[in-house]
Amino acid sequence: MLLVGALALAGGLVSLQAAAADAAGPADNISGKLLLTGGVSQIEGSAGGGLTPWAVIGSYGTQGQFGANAFYTRVNVQDYHLDDAGAIVGIDNRVEFSVAQQRFDTEDVGAALGLGRGFTFRQNVIGVKVRLIGDAVLDQDSWVPQVAAGAQYKSNNQGTILHAIGAKSDHGTDYYISATKLVLSQSLLLNATLRLTKANQIGILGFGGDKHNSYQAEFEGSAAYLLSRNLAIGAEYRQKPNNLGIAKEEDWYDAFVAWAPTKHVSLTVAYANLGNVVIKDNQHGLYASVQVGF
């Protein structure tokens with residue numbers, strides 16, 4: 001239902017954008033950014049790479065404009081899969097609002113744990129991001145990056161089970177600051193994010209635990225190389241806390257290809273390595289995401 005609603009929202013906004021452009025003429029084009037410079041939709045809904053947010057504001061709206069995207073992501077690893085859908089609205093290239101819903105399917109592991117095969121954890125994420133300084137596209141004559149601060153509020157629907165495994169809460173808020181530098185002359189984008197979090201497996205297993213129950217600072221990094229104006233390759237790394245005695249948690253990384261045939265559609269495919277997840281080691285596999293909007 002969330003995916004259908006998000007896609008309908010983006011489709012409606014694209015139609016409004018086209019109508020506005022026809023009425024106002026070419027001088028008022030509502031999509032002013034270069035292809036791929038708004039990032040894709042990361043796994044918690046914010047604009048960035050697949051695993052980590054960037055300082056860019058989602059959508060193709062620039063100063064004085066607005067834009068919106070909707071996305072659907074599927075992550076398949078050996079013993080689990082995750083379905084993720086949501087939407088982003090960017091305003092004035094300054095503020096971004098996002099919403100996402102994650103559905104984590106435990107497949108056969110759920111049966112082994114006594115929860116039932118295919119037992120699902122559902123998490124809703126509401127995000128906000130504000131650009132503080134810099135412009136990743138326009139500031140090519142400066143080494144100052146674009147810097148943004150954001151927050152992601154997460155709420156999980158399986159509080160009873162999360163408390164049983166040692167999590168302290170079924171909801172929590174991550175805070176982060178990101179710095180993104182785009183060097184067009186070298187076709188290179190670099191991003192570094194510092195996140196304050198209590199989340200276990202990004203919140204799928206709750207927040208805080210029997211080992212730690214305080215905010216921890218975790219590093220996230222991305223690098224992307226533009227092979228052409230609409231095709232990029234890159235890699236990401238995300239540190240994660242290890243709060244639960246029952247479930248060892250390891251850092252994540254991926255290698256991705258992102259393709260944007262137009263400003264209205266982008267496709268991302270990645271190899272993702274999630275390490276240990278609950279009782280299963282070496283979880284790695286395919287990450288695929290589609291984003292539509294303007």
Side-chain angles (χ1 to χ4, degrees), residues 1-13 38-59 67-77 80-91 95-105 120-130 148-158 162 169-176 178 193 195 197-207 220 222 236 238 240 252 254 256 258 265-270 272 274 277 287-294:
M1 291 294 292
L2 177 64
L3 173 60
V4 171
L7 292 176
L9 171 64
L13 289 172
V40 298
S41 297
Q42 62 104 202
I43 200 166
E44 287 134 318
S46 302
L51 298 184
T52 182
W54 298 349
V56 299
I57 300 300
S59 82
N69 292 323
F71 74 94
Y72 170 73
T73 298
R74 173 79 175 224
V75 183
N76 265 353
V77 293
Y80 310 95
H81 69 263
L82 176 74
D83 292 295
D84 188 14
I88 292 174
V89 175
I91 302 172
V95 180
E96 171 191 296
F97 298 98
S98 61
V99 60
Q101 184 177 95
Q102 303 161 338
R103 291 177 174 266
F104 180 72
D105 191 313
T120 300
F121 292 85
R122 186 176 72 244
Q123 178 165 261
N124 295 324
V125 185
I126 299 172
V128 62
K129 183 197 301 181
V130 179
Q152 296 170 335
Y153 172 77
K154 306 175 182 181
S155 178
N156 194 300
N157 74 324
Q158 297 293 350
L162 298 176
S169 180
D170 60 6
H171 62 275
T173 303
D174 289 1
Y175 304 94
Y176 65 88
S178 296
T193 294
R195 180 187 297 264
T197 182
K198 295 183 179 183
N200 310 318
Q201 297 293 1
I202 68 171
I204 299 297
L205 296 183
F207 302 84
E220 305 172 12
S222 304
E236 298 179 284
R238 177 168 176 168
K240 295 164 67 253
W252 288 358
D254 72 14
F256 65 85
V265 179
S266 68
L267 303 172
T268 305
V269 178
L274 310 183
V277 180
Y287 171 108
S289 183
V290 58
Q291 176 177 275
V292 298
F294 64 93

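In this text, all values refer to a predicted model and were calculated from it rather than measured experimentally.
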Nearest heavy-atom pair of [X] and [Y]: which atoms, and what distance?
X      : Y      : value
Ala100 : Asp84  : CB-OD1, 3.9 Å
Tyr175 : Ala151 : CD2-CB, 3.9 Å
Thr193 : Ser178 : OG1-OG, 2.6 Å
His171 : Ser155 : CB-CA, 4.1 Å
Ala87  : Phe71  : N-CE2, 3.9 Å
Ser46  : Tyr176 : OG-OH, 3.6 Å

query: Which is it for Phe256 and Val40 under the side chain to side chain contact (heavy atoms under 4.5 Å, CB included) test, yes or no, and what are the steps along the way?
result: CA-CA 11 Å; Phe256 65 85; Val40 298; over 6 Å; no
query: Is the centre of the Phe104 ring less than 6.0 Å from the centre of the Tyr80 ring?
result: yes
Check: Asn124/Tyr153 side-chain N/O donor and acceptor closer than 3.5 Å: no
- prompt: Any side-chain donor paired with an acceptor under 3.5 Å for Gln152 and Gln42?
  reply: yes
Drop me the distance from [X]'s [atom1] to [Y]'s [atom2], to the nearest 0.5 angstrom.
X      : Y      : atom1 : atom2 : result
Phe207 : Asn156 : CZ    : CG    : 6.5 Å
Leu274 : Lys240 : CG    : NZ    : 7.5 Å
Thr120 : Arg103 : OG1   : CZ    : 7.5 Å
Ser222 : Leu51  : OG    : CG    : 7.5 Å
Phe294 : Asn69  : CZ    : CG    : 8.5 Å
Lys198 : Asp174 : NZ    : CG    : 11.0 Å

statement: The residue among Glu44, Glu220, Arg238 that forms side-chain hydrogen bond (donor to acceptor under 3.5 Å, both in side chains) with Thr52 is Glu220
Close side-chain approach of [X] and [Y], heavy atoms under 4.5 Å:
X      : Y      : value
Thr73  : Ser41  : no
Val125 : Gln102 : yes
Ile204 : Val277 : no

field: Check: Lys129 side chain, Val56 main-chain N or O, donor-acceptor pair, under 3.5 Å
entry: yes
message: Given 3.5 Å as the limit, does a donor-acceptor pair link the side chain of Gln158 with the main chain of Phe121, or not?
response: no
